[in-house]
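Okay, structure first, notes after.
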There are 2 protein chains.
Amino acid sequence: MDADKVFKALGDPTRRKLLDLLCEQNGQTLGQLCENLEMARQSATQHLDLLEAANLVSTVKRGREKLHFINPVPLHDIYERWVRKFERQRLSLLHDLKQELEGEDR
Amino acid sequence: MDADKVFKALGDPTRRKLLDLLCEQNGQTLGQLCENLEMARQSATQHLDLLEAANLVSTVKRGREKLHFINPVPLHDIYERWVRKFERQRLSLLHDLKQELEGEDR
DNA sequence: TTGACATGCAGGTATTTACCTGCATATTAG
DNA sequence: CTAATATGCAGGTAAATACCTGCATGTCAA
């Protein structure tokens, strides 16, 4: 998993919208997805290319159409590496800050 | 929670390293954090400002020092909004793609 | 008080990014 | 075959980003 590609892919509202659109209906064509975006088709293609590079979307060609499918695996990897780690220490991390704000003896 | 700020903050290796450094030892000063980065202090400050804007890091001034603390809450919010949603549909999403790859009747 | 130390602030630049337009290619329908 | 349709490819531009240098400010210790 390339965390950099995944986070950068997710760091754009258009690409997050594309994921939401695919979540509503998986396997949509480029044309279908474009109907819901207010930009040129070519721009949407570039966004989808980034999502595909991050392995968040997989595509299949069917004739002259290109179908897009969500791949949830990278999101799960992000969870394992970047959420659970901090989640586990959540209480103690907040505790550190609270102590500092209260100005404990030092 | 501002998903855009959080994902953009996470979309840079230096900032993810900063989070890891703070996870190892919470409450570090700017100077301490800089010792582990190969860039000018001013550049590190800019990265920390973005982490703070995304609410991933909180700071407290102590004399002439500035202490940095991780805030795990935005990461948890990301999980709720962007991981669990797709996780729930994980199996069915992969099913869709498998069907397409196998070229079921259509 | 004064010098050392920790950080803040103000620009400047090279790279990346998010758009666009214009044209090419490939597939299907009639 | 031919026209319509779906997508691919090749640039071009304005804005955002990630660095930097230089200097200012604030705090502590001797």
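All heavy atoms count here, side chains included; hydrogens, waters and symmetry mates do not. Per chain, numbering begins at 1; letters A, B, ... match sequence-line order.
- Judged by closest nucleotide on DNA chain D, A:Leu30 is the one of A:Lys8 and A:Leu30 placed further toward the 5' end.
- Interatomic distance, B:Arg41 CZ to B:Gln46 CD, rounded to the nearest 0.5 Å: 11.0 Å.
- As rounded to whole Å, 10 Å separates atom P of D:dA18 from atom CG of A:Asp4.
- Note that the two end axes of the helix from C:dT1-D:dA30 to C:dG30-D:dC1 enclose an angle of 30°, each drawn from 5 base pairs, rounded to 10 degrees.
- Here the side chain of A:Asn71 pairs a donor or acceptor atom with the backbone of A:Asn55 at under 3.5 angstrom.
- Sorted by residue number, the members of residues 34-43 of chain B with any non-hydrogen atom under 4.0 Å from DNA chain C read B:Arg41, B:Gln42.
- Distance alone, capped at 3.5 Å, is enough to place a donor-acceptor pair between the B:Arg16 side chain and the B:Leu10 backbone.
- With a cutoff of under 4.0 Å to any heavy atom of chain B, the contacted region of DNA chain C is bounded 5' to 3' by C:dA4 to C:dC9.
- Between A:His47 and A:Glu65, the residue whose closest nucleotide on DNA chain C is further toward the 5' end is A:His47.
- Within the model, atoms NE2 of B:His47 and NZ of B:Lys17 stand 12.0 Å from one another, a figure rounded to the nearest 0.5 Å.
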**Request:** Test B:Lys8 against B:Asp4 for salt bridge (Lys or Arg N to Asp or Glu O under 4.0 Å), laying out the working first.
**Result:** CA-CA 6 Å; B:Lys8 280 188 172 141; B:Asp4 213 55; 3.0 Å; yes

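- For D:dG8, the OP1/OP2 oxygens have a side-chain nitrogen or oxygen of A:Lys66 closer than 4.0 Å.
- With rounding to whole Å, B:Asp12 atom CG is found 5 Å from D:dA18 atom P.
- Distance, B:Leu50 CG to D:dA16 P: 14 Å, rounded to whole Å.
- Once rounded to the nearest 0.5 Å, the distance linking CD of A:Glu24 with CD1 of A:Ile70 reads 10.0 Å.
- A distance-only check finds no donor-acceptor pair linking the side chain of A:His68 to the backbone of A:Thr59 [under 3.5 Å].
- Of the residues near DNA chain D, A:His68 and A:Gln46, the one whose nearest nucleotide (by heavy atom distance) lies more toward the 5' end is A:His68.
- Within the 4.5 Å cutoff, the side chain of B:Val83 has no heavy atoms near those of the A:Val83 side chain.
- The distance from atom CG of B:Leu33 to atom NZ of B:Lys66, rounded to the nearest 0.5 Å, is 11.0 Å.
- Looking only at distances, a side-chain donor or acceptor of B:Asn36 sits under 3.5 Å from a matching main-chain atom of B:Gln32.
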**Message:** Between B:Thr45 and B:Asp49, does the side chain to side chain contact (heavy atoms under 4.5 Å, CB included) criterion hold? Intermediate values first, please.
**Reply:** CA-CA 6 Å; B:Thr45 298; B:Asp49 285 346; 3.9 Å; yes

